[in-house]
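Note sheet for the following structure.
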Amino acid sequence: MKTLKNFEAIFTVAVAIACSASYVSFMQAPAGKASAAQSASARHVVTVTAKRLTAQEKQLSLLEERQAEQGITTASIL
C-alpha cells in the first residue's frame, strides 16, 4: 500500500511539471517567425561561373558515368 501511495505522488508531481512546462511554452513567442524575418533580409547570393559542356562532351560524360556504375574501366578519348 505504501508503494502505491509513492507512485501516486510521483504521478501527481510529473503531471504538475508537465502542465506547467506546457503553459510556459505557450506563453513564449515562437522563435520560427522571428528568425525567418531576419534571414529574409540577410540572404546570400551565389554566382556560379563555369564553362558549359558541348553536346559531345556531355554524351562522353554520361557514357563514362554509366560505365563507372557498371564497373567497366576504360580510357576515354575526346
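These numbers come from the heavy atoms of this one structure, side chains and all, not from hydrogens, waters or symmetry mates.
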| query | Is Val46 isolated, or which residues cluster with it under the ILVMFWY side-chain rule of less than 4.5 Å, directly or via members? | reply | Val48
| query | Taking the hydrophobic residues Ile, Leu, Val, Met, Phe, Trp and Tyr, and joining any pair whose side-chain heavy atoms are under 4.5 Å apart, which ones share a cluster with Leu63? | reply | none
| query | Using a side-chain heavy atom cutoff under 4.5 Å and only I, L, V, M, F, W and Y, what cluster partners does Val13 have? | reply | Ile17
| remark: For Thr54, the side-chain contact (heavy atoms from CB on, under 4.5 Å) test, sequence neighbours excluded, returns Gln56, Glu57
| message | Applying side-chain contact (heavy atoms from CB on, under 4.5 Å), can you list everything that pairs with Val24, at least two apart in sequence or on another chain? | response | Gln28
| remark: For Leu62, the hydrophobic cluster (side chain heavy atoms closer than 4.5 Å, chained through members) also holds none
